[in-house]
Amino acid sequence: MRPDPSAFSISRRAARVAPFLAMDVLAAAAVKERRGEAVVHMEVGQPSAPAPRAVLAAAQAALAGGRIPYTEALGIAPLRERIARHCAEAYGVAVAPERVVVTTGSSAGFVLAFLALFDAGARVAIAEPGYPAYRSILQALDLEPVPLRLSAEDGFVPTPALVRAAQAGRPLAGLLVMSPANPSGTMLDPVGLAELGRTCRALNLAFVSDEIYHGLTYGVPAATALASDPDAVIINSFSKYYCMTGWRIGWMVVPERLVRPIERLAQNLYISAPYLSQVAALAAFDAVEELEAVKADYARARALLLNELPGLGLGDVHPADGAFYLYADVARLTNDSAEFCRRMLAEAGVAATPGLDFDPVDGAHHLRLSFAGGEAAAAEAVRRLRGWLG
Ligand SMILES: Cc1ncc(COP(=O)(O)O)c(C=O)c1O
């Protein structure tokens with residue numbers, strides 16, 4: 001006899017977690033593709049380029065070796081050392097390899113950081129619009145996301161005043177920032193980042209900096225919170241600049257006193273990040289030439305879209321300083337971005353993400369276009385959208 005489904009209930013934590021709309025659009029696009037219809041993918045933040053050749057070669061060599069073991073929970077020593085060297089090379093910041101934690105994508109980094117830093121019920125400030133999984137991971141862990149409302153007028157960057165205002169309600173336990181940001185692509189300059197760090201220290205808040213889009217900037221390089229705040233928790237990943245989304249590999253740099261608590265959590269929650277991906281990722285930092293060529297393609301796609309979108313009525317776009325997204329205010333076309341994106345996929349074959357993923361308030365008249373597919377995909381999207389909207 002089948003068990004009675006009413007005999008168990010879904011946890012309140014699970015019930016609170018909203019769907020990730022970009023992934024729902026991806027699933028709808030896959031259905032269309034299975035029918036043989038071509039889709040231009042601008043919904044997910046995923047490079048269309050493969051991982052660099054040296055990364056693939058390192059993985060193939062490891063596979064040929066045959067044995068794919070668990071590793072130390074904090075990651076293999078050569079990779080932790082290489083990440084520490086990357087911090088010195090990219091930012092001029094000295095980091096002891098012992099402070100580096102290798103994770104299963106930055107997604108696992110958030111879980112580990114939040115569990116290590118916050119007790120149930122703690123309030124954590126996050127950007128809104130912002131990456132939707134922040135809210136969902138916090139909620140799944142019984143933590144309370146506290147949105148900092150950002151807008152195009154303030155350049156979509158959080159300020160100490162916003163943090164202080166959020167703290168004035170009920171005390172916060174932490175602040176999570178990202179620069180370059182998703183979905184707007186805007187960046188905090190070194191002074192703005194340092195001021196937020198100082199505010200956190202003054203208010204006794206944990207300061208978590210998501211630096212996953214570092215390397216993907218179209219003007220000045222991105223600043224790291226490490227440069228101004230040795231106590232900041234840095235979260236990063238091989239997914240974006242390094243074109244390794246499906247390898248599920250990322251890293252954190254954490255203050256010394258967090259290393260052991262995070263190690264205990266990682267040992268029990270995941271055991272270790274995938275060995276194959278760790279070995280492969282070691283080769284990623286030296287693939288600069290290949291990765292810069294991929295970035296040049298993003299830059300061409302970005303320029304093309306910034307040039308063409310206004311003529312399509314999608315011109316209210318914040319010009320991204322980094323990452324690979326444009327966040328467009330489409331108030332003149334719709335006040336239902338989910339329905340608009342559904343029709344855009346069905347009728348024009350262009351997949352985009354409704355702004356509601358990032359912002360439950362103003363997201364109904366925004367959408368996010370990812371140009372991670374490069375110039376050719378952007379040109380095809382413009383051609384299709386011109387036919388559809390024109
Ligand atoms: C801002 C931000 N942080 C984190 C992630 C998660 O990346 P991953 O788990 O692949 O490292 C994403 C993915 O799109 C993102 O946009």
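Numbering of residues begins at 1 and proceeds along the displayed sequence. Whatever order the structure lists ligands and atoms in, that order sets their numbers, starting from 1.
Arg123 contributes no side-chain N or O that, together with a main-chain N or O of Ala173, makes up a donor-acceptor pair within less than 3.5 Å. Although no hydrogens or angles enter the test, the distance criterion places a donor-acceptor pair under 3.5 Å between the side chain of Asp154 and the main chain of Ser151.
Contact annotation: the side chain of Thr353 approaches that of Phe358 to within less than 4.5 Å [non-hydrogen atoms, C-beta and beyond].
Less than 6.0 angstrom separates the ring centroid of His318 from the ring centroid of Phe156.
Sorted by chain and number, the heavy-atom contacts of ligand 1 below 4.0 Å come from Gly105, Ser106, Ser107, Phe110, Tyr131, Tyr134, Met178, Asn182, Asp210, Ile212, Tyr213, Ser237, Ser239, Lys240, Arg248.
Residue Ile271 shares its hydrophobic cluster (ILVMFWY side chains chained together at separations under 4.5 Å) with Tyr70.
Atom OG1 of Thr224 sits about 6.0 Å away from atom NE2 of His214, to the nearest 0.5 Å.
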